S.K.: 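Have a look at the structure that comes next, please.
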Amino acid sequence: MPQNTALLWLRNDLRVHDHAALTGALENANYLLPVYCFDPRHFADTELGIPKTGGFRAKFLIECLEDLQRTLKAKGADLIVLQGYPEIKVPEFAEQVGATTIYFSKEVTQEEIKVEETLEERAWAQGIRTESYWQATLYQLDALPFPINQLPEVFTVFRKECEKMGEIKKMLPEPEHVPFPKEQTFPCTLPALEALIGPPPKKDKKAAMDFVGGENRALERLSHYFWETKSLASYKTTRNGLLGADFSSKFSPWLALGALSPRKIYWEIKKFETEETKNSSTYWLFFELVWRDFFRFAAKKHGNRFFQVEGISNQSRVWSSDKSQFEQWTQGNTGIPMIDANMRELNATGYMSNRGRQLVASFLTHDLGIDWRWGASYFESRLIDYDVCSNWGNWMYVAGVGHDPRQNRYFNILNQAKKYDKDGDFVRHWLPKLKKLEGFDAHQPFAFTDKEKAVRMGGNSYPKPMVDVSKW
Ligand SMILES: Cc1cc2nc3c(=O)[nH]c(=O)nc-3n(C[C@H](O)[C@H](O)[C@H](O)COP(=O)(O)OP(=O)(O)OC[C@H]3O[C@@H](n4cnc5c(N)ncnc54)[C@H](O)[C@@H]3O)c2cc1C
């Protein structure tokens, strides 16, 4: 093996543009071995008895890796593929190939930190150095105007403090060439999707869009949303939509796996503002990315409290653990069309709009009173864009145990339906039996009695048991 070989351990940073660990490694090493290690724990079942990584995300992950492998090959290298616990396999492989340093991106939550700490200890014990980088956010951790333990608990305070710092840092350049040792062969075969999760998920033609993983697809989506359709120019007015591909950016799955850098989006917004238009919509996409930053920094600050039932605001509440109601919620069989349509979209496609997520989370936690962590865990399995910080942070927020400064935030589902799906197009899209009900009537299930309807229209809680919707 040539002198000064480094290993780049890839995690949720599956790209070559704006990549701090890749840039750092190339500055210091003569040869670089990019490695991805499939961690069996990511494909095991959760406490709910469902896979931690559901079919849509697993498929998206494989596509991201295939795309990255093609890109690395075009740059003279390859993607090495390992299987097993990364904290064991990666240092073992580094020693085997004589690598002097392991470069990687830092994560912020407990399971991931434990893996990286153990990996570092094992690497150091073998005399191998490690270099880790913060890189998943717009703002850098070390550039924040406060130490992380003083991160404001209210988003608006955080955002204003950040905005005072001025522009986001420039992106790091994409390397043209990645020097890779040629005289040796390495394991570079990606596992088949079926081997990871069993039968692949079926495509549903009702899906908002066909999400395909990979940095190149992410950049195509960026170009489509900004330049081809100019949808960015009206983002603020469309972002609460429920149906279709372009009411929101749909960047989230690529952001979650790091196939798209948030700084890339930021600098493309700036270009759009110079070349096309600058308005409240162009600002609002940046604003939403700051929310994403906020949850990541909050997870760093609060550690394990992010996953505890009391949440970061330490609320003691009695939560229901009614498994049968939870099951009705997961399957989209609650009898409330707006909830069921959203849950069926999630199950059929891996995606749900932001409005939908807020409503189903509010319904589960406030109307059914079920433990918010069950909902978060179900989302973890099903979402194609699952991001540990955004998911658990948002769930806590909606459940009233997180960062929301407003006490008792509650979504009245029928009022929300009236506002965001007044013609019933969304619910009829996912619940075909409602097709015969015109307009807003589609939100009032035909199976309800008048008395039930009255309760559902006005009340703060929904009657039990729920209607039989097994044929919806
Ligand atoms: C209960 C609940 C769970 C959620 N779980 C996740 C998750 O696991 N992964 C995830 O990426 N987002 C999550 N979100 C946030 C949000 O719903 C999604 O980011 C958004 O719907 C993705 O679609 P989009 O890319 O078209 O969003 P856009 O509206 O186009 O927003 C652009 C980007 O801004 C960020 N963003 C937007 N809204 C939020 C938000 N509320 N919190 C954090 N970041 C945001 C995302 O990165 C998003 O891709 C959750 C929201 C709720 C209410």
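Computed over heavy atoms, backbone and side chain alike; hydrogens, waters and symmetry mates excluded. One-based numbering, in listed order, for ligands and for the atoms of each. All values reported here derive from a predicted model rather than from experimental measurement.
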S.K.: Kindly determine whether F287 and F155 satisfy ring-ring contact (aromatic ring centres under 6.0 Å, His included), including the steps that lead there.
M.R.: CA-CA 11 Å; F287 177 98; F155 169 73; 5.4 Å; yes
S.K.: Is R239 in polar range of ligand 1, meaning some N or O pair under 3.5 Å apart?
M.R.: no
S.K.: I'd like to know if K264 and D18 make a salt bridge, using a cut-off of under 4.0 Å between side-chain N and carboxylate O.
M.R.: no
S.K.: Minimum heavy-atom separation for N240 to R355, with atom names?
M.R.: OD1-NH2, 3.0 Å
S.K.: With nothing but distance in play, are any N or O atoms of Y386 less than 3.5 Å from an N or O of ligand 1?
M.R.: no
S.K.: What residue and heavy atom of the protein are closest to atom 23 (O) of ligand 1, and at what distance?
M.R.: Y351 OH, 2.8 Å
S.K.: Atom 16 (C) of ligand 1: which protein heavy atom is closest, and how many Å away?
M.R.: N354 OD1, 3.3 Å
S.K.: Indicate yes or no: does E153 engage R305 in a salt bridge with an N to O separation below 4.0 Å.
M.R.: no
S.K.: Quick one: does W395 get an N or O within less than 3.5 Å of an N or O on ligand 1?
M.R.: no
S.K.: Say whether W291, considering both its backbone and side-chain N or O atoms, lies within less than 3.5 Å of an N or O atom on ligand 1.
M.R.: no
S.K.: With heavy atoms under 4.0 Å as the rule, classify the contact between V388 and ligand 1 as side chain, backbone, both or neither.
M.R.: neither
S.K.: With no hydrogens and no angle check, do the side chains of K250 and S248 hold a donor and an acceptor under 3.5 Å apart?
M.R.: yes
S.K.: Would you mind listing which atoms of ligand 1 come within a distance below 4.0 Å of any non-hydrogen atom of L255?
M.R.: 47 (O), 49 (O)
S.K.: Which residue and non-hydrogen atom of the protein lie closest to atom 36 (N) of ligand 1, and at what distance in Å?
M.R.: E288 O, 3.6 Å
S.K.: Using a strict threshold of under 4.0 Å (side-chain N to carboxylate O), is an ion pair present between K59 and E63?
M.R.: yes
S.K.: Check whether R217 reaches the backbone of C64 with its side chain - one donor and one acceptor, N or O, closer than 3.5 Å.
M.R.: no
S.K.: May I ask you to list the atoms of ligand 1 that are less than 4.0 angstrom from any heavy atom of L285?
M.R.: 32 (C)
S.K.: I'd like to check which ligand 1 atoms, numbered from 1 as shown, lie under 4.0 Å from a non-hydrogen atom of Q358.
M.R.: 53 (C)
S.K.: Identify the closest protein heavy atom to atom 15 (C) of ligand 1: which residue and atom is it, and at what distance?
M.R.: N394 ND2, 3.6 Å
S.K.: Look at atom 4 (C) of ligand 1 and find which of D385, V398, N391 reaches it with the closest heavy atom.
M.R.: N391
S.K.: Short question: side chain of K230, backbone of W227 - any donor-acceptor pair under 3.5 Å?
M.R.: yes
S.K.: Taking the basic N atoms (NZ, or NE/NH1/NH2) and the acidic carboxylate oxygens, is any pair closer than 4.0 Å for E107 and R296?
M.R.: yes
S.K.: Which protein heavy atom lies closest to atom 30 (O) of ligand 1, and at what distance to 0.1 Å?
M.R.: S249 OG, 2.6 Å
S.K.: Between F326 and W374, how do the two ring planes meet: parallel, tilted or perpendicular, split at 30° and 60°?
M.R.: perpendicular
S.K.: Can you tell me if Y235 contacts ligand 1 (heavy atom of the residue under 4.0 Å from the ligand)?
M.R.: yes
S.K.: Going by the atom numbers of ligand 1, which of them fall below 4.0 Å from some non-hydrogen atom of F295?
M.R.: 42 (N), 43 (C)
S.K.: Answer with side chain, backbone, both or neither: which part of D387 has a heavy atom less than 4.0 angstrom from an atom of ligand 1?
M.R.: both
S.K.: What protein heavy atom sits nearest atom 22 (C) of ligand 1, and how far away is it?
M.R.: S252 OG, 3.2 Å
S.K.: Do me a favour and list the nearest non-hydrogen protein atom to atom 6 (C) of ligand 1 with residue, atom name and distance?
M.R.: R357 NH1, 3.3 Å
S.K.: Determine, for K52 against E111, whether the closest basic-nitrogen to carboxylate-oxygen distance falls under 4.0 angstrom.
M.R.: yes
S.K.: Does an N or O from F251, backbone or side chain, lie closer than 3.5 Å to an N or O of ligand 1?
M.R.: yes
S.K.: Can you find a side-chain donor-acceptor pair between N347 and Y378 that sits under 3.5 Å?
M.R.: yes
S.K.: Parallel, tilted or perpendicular for F43 and F38, by the 30°/60° rule?
M.R.: tilted
S.K.: Nearest to atom 43 (C) of ligand 1, what protein heavy atom do you find, and at what distance?
M.R.: S390 OG, 3.5 Å
S.K.: Are Y397 and ligand 1 in contact, using a heavy-atom cut-off of under 4.0 Å?
M.R.: no
